[in-house]
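Have a look at the structure below, then the notes.
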Amino acid sequence: MPQSPSQKALVPFVSVENMMRLVHSIGVETMLLELADVVEADFRRWEVFDKTPRVASHSNDGVIELMPTSDGEIYSFKYVNGHPSNMARGLQTVTALGLLAEVSTGYPALLTEMTLLTALRTAATSAMAARHLAPKGAKTMAMIGNGAQAEFQALAMKAVLGIEHVQLYDIDPNAMAKTEANLAGSGLRVTACPSSQAAIEGAQIITTCTADKQFATILTDNMVGAGVHINAIGGDCPGKTELHRDILLRAETFVEYPPQTRVEGEIQQMDPDYPITELWRVITGQAKGRRDDRQITLFDSVGFAIEDFSALRYIRDRINGTTFYQELDVIADPDEPRDLFGMLQRARV
Ligand SMILES: NC(=O)c1ccc[n+]([C@@H]2O[C@H](COP(=O)([O-])OP(=O)(O)OC[C@H]3O[C@@H](n4cnc5c(N)ncnc54)[C@H](O)[C@@H]3O)[C@@H](O)[C@H]2O)c1
């Protein structure tokens, strides 16, 4: 009978099922609000983090990425993919898993599914950015692209900003119907629209969240009126953008980590000296966010490792004392640290 692993071998693991149970135990909107605050708190201490553009492995079908960061005490990374062609094969565009580790020992402290968590943290980050950039009193948003991220985006804008009305558009009517059905009873008024132009009519916040590997033009310049906030989520890879470049010439653009966004974001279409403002500088009061009612603000979101770090440390704290995780023997635990081979004999038959 193999000897069972010691406590040192065990790492908390949050499965998809446990993540779903955890989210419901907290409440989706409460969790989005709490995540927005945790992400904002980490943006506030941006300078302490180790930062690097994510390591991306591109193929004709999509991209696989590793997203590491550390604040000197905790290290984290996320494995995530982006495959727009997956949907046609009955697979998701984006799936992810993540790990948190103690810098002092290098030992993992948490292993978790991150597909749901990515949708939650992306939506929380969008709403956190909108808190600083969107026009005050915004009540209506457009949600263009009604895939896996869409409901999370709409609910985060409701929870954090008080959005009351969401106007949907997707080229696939089934995606729109799915989102409309999922948001029924959420307290949001939901309108399915016949075009993206109709969806942005009267909206103060415009979220684009589509998936296409080619340069796409979800919004053209003539569609975007003065004073709106654009939350551009789907342009997040070289060659994958959603906005016509003329919009960027009129907008004030805010980004996460410039070395990554210059390559992956909407601003990949612009000259290298196109002016941008780092969002963390707005949050810490070092730069201005929205200046006036007529300004077009653009959050050129690509998703940065610090947002995953925030989400992972939030989950680590939130599962404490709950049954929403299992312990996996991820780490080898020899009786004497150098006797790894001796440990192997525990399972000898
Ligand atoms: N910025 C970030 O942090 C972040 C995080 C997660 C996902 N993403 C990106 O967000 C995008 C959406 O992700 P998802 O998981 O919801 O993908 P998804 O494949 O589930 O949904 C994409 C939707 O976009 C629709 N669409 C495609 N072209 C369109 C068009 N021209 N007009 C309107 N709708 C159109 C599709 O029909 C589909 O319903 C992806 O590109 C993904 O890479 C970004």
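Atoms within each ligand, like the ligands themselves, are counted from 1 in listed order.
Close N/O approach between K240 and ligand 1 is found [any backbone or side-chain N/O within under 3.5 Å]. Close N/O approach between D172 and ligand 1 is not found [any backbone or side-chain N/O within under 3.5 Å]. Considering backbone and side-chain N/O atoms, A175 never comes within less than 3.5 Å of an N/O atom of ligand 1. When only interatomic distances are considered, the shortest N/O to N/O separation between D212 and ligand 1 does not fall below 3.5 Å. Between S301 and ligand 1, an N or O atom pair is found at a separation short of 3.5 Å.
Under a 4.0 angstrom heavy-atom cut-off, C209 registers as being in contact with ligand 1. Using a 4.0 Å heavy-atom cutoff, G82 is absent from the residues neighbouring ligand 1. Under a 4.0 Å heavy-atom criterion, Q92 is not in contact with ligand 1.
Closest to atom 37 (O) of ligand 1 among all protein heavy atoms lies D170 OD1, 2.6 Å. For atom 18 (P) of ligand 1, the nearest protein heavy atom (residue, atom name, distance) is T93 OG1, 3.6 Å. What sits closest to atom 5 (C) of ligand 1 on the protein, heavy atoms only, is T122 OG1, 3.3 Å. Looking from atom 13 (O) of ligand 1 to the surrounding protein, the closest heavy atom is Q149 CG, 3.5 Å. Here the heavy atom of the protein found nearest to atom 30 (C) of ligand 1 is I218 CD1, 3.6 Å. Scanning the protein for heavy atoms near atom 20 (O) of ligand 1, the closest one is A148 N, 2.9 Å. Protein heavy atom in closest approach to atom 8 (N) of ligand 1: D236 OD2, 3.5 Å. Annotation: atom 21 (O) of ligand 1 to nearest protein heavy atom, G147 CA, 3.1 Å.
Side-chain heavy atoms closer than 4.5 Å link hydrophobic residues (I, L, V, M, F, W, Y) into clusters, and following such links, even through other members, never connects I64 to M67.
With a 4.0 Å cut-off on non-hydrogen atoms, E307 does not touch ligand 1 at all. Counting heavy atoms closer than 4.0 Å to ligand 1, residue T210 contributes atoms from both its backbone and its side chain. For I171, heavy-atom contacts with ligand 1 shorter than 4.0 Å involve the backbone as well as the side chain. Under 4.0 Å from ligand 1, not a single heavy atom of T125 appears. Under 4.0 Å from ligand 1, heavy atoms of I233 appear from its side chain as well as its backbone. When non-hydrogen atoms are compared, ligand 1 lies under 4.0 Å from neither the backbone nor the side chain of E264.
The side-chain heavy atoms of I205 and V228, taken from C-beta on, include no pair separated by under 4.5 Å. Here the side chains of L22 and I315 are in contact, with some heavy-atom distance below 4.5 Å. Under the 4.5 Å side-chain criterion, counting only non-hydrogen atoms from C-beta, Y79 is in contact with L66. Side-chain contact between V103 and E73: absent, with no pair of heavy atoms (C-beta onward) separated by less than 4.5 Å.
The ring-ring contact (aromatic ring centres under 6.0 Å, His included) test with F304 singles out one residue from W280, F43, Y257, F299, and that residue is Y257. None of V302, D300, T208 except one satisfies the side chain to side chain contact (heavy atoms under 4.5 Å, CB included) rule with E266; the exception is D300.
Residues K240 and D212 are not paired through a salt bridge, judged by the lack of any N-O separation under 4.0 Å between the basic side chain and the carboxylate.
Ligand-side atoms of ligand 1 in range of V302: 1 (N), 2 (C), 3 (O), range being under 4.0 angstrom from any heavy atom. Contact atoms of ligand 1 toward R121: 3 (O) (distance under 4.0 Å to a heavy atom of the residue).
When atom types are taken as modelled, the side chain of R290 and the backbone of L133 share a donor-acceptor pair closer than 3.5 angstrom. In this structure a side-chain-to-backbone donor-acceptor pair under 3.5 Å is present from Q268 to E264. Using modelled atom types, no side-chain atom of D170 and backbone atom of P173 make a donor-acceptor pair closer than 3.5 Å. Side-chain N or O atoms of Q345 include one that pairs as donor or acceptor with a backbone N or O of F341 at under 3.5 Å. Under a 3.5 Å cut-off, the side chain of K158 and the backbone N or O of V166 do not form any donor-acceptor pair.
Crowding of K139 atom NZ: a count of heavy atoms from other residues, nucleotides or ligands under 6.0 Å exceeding 12.
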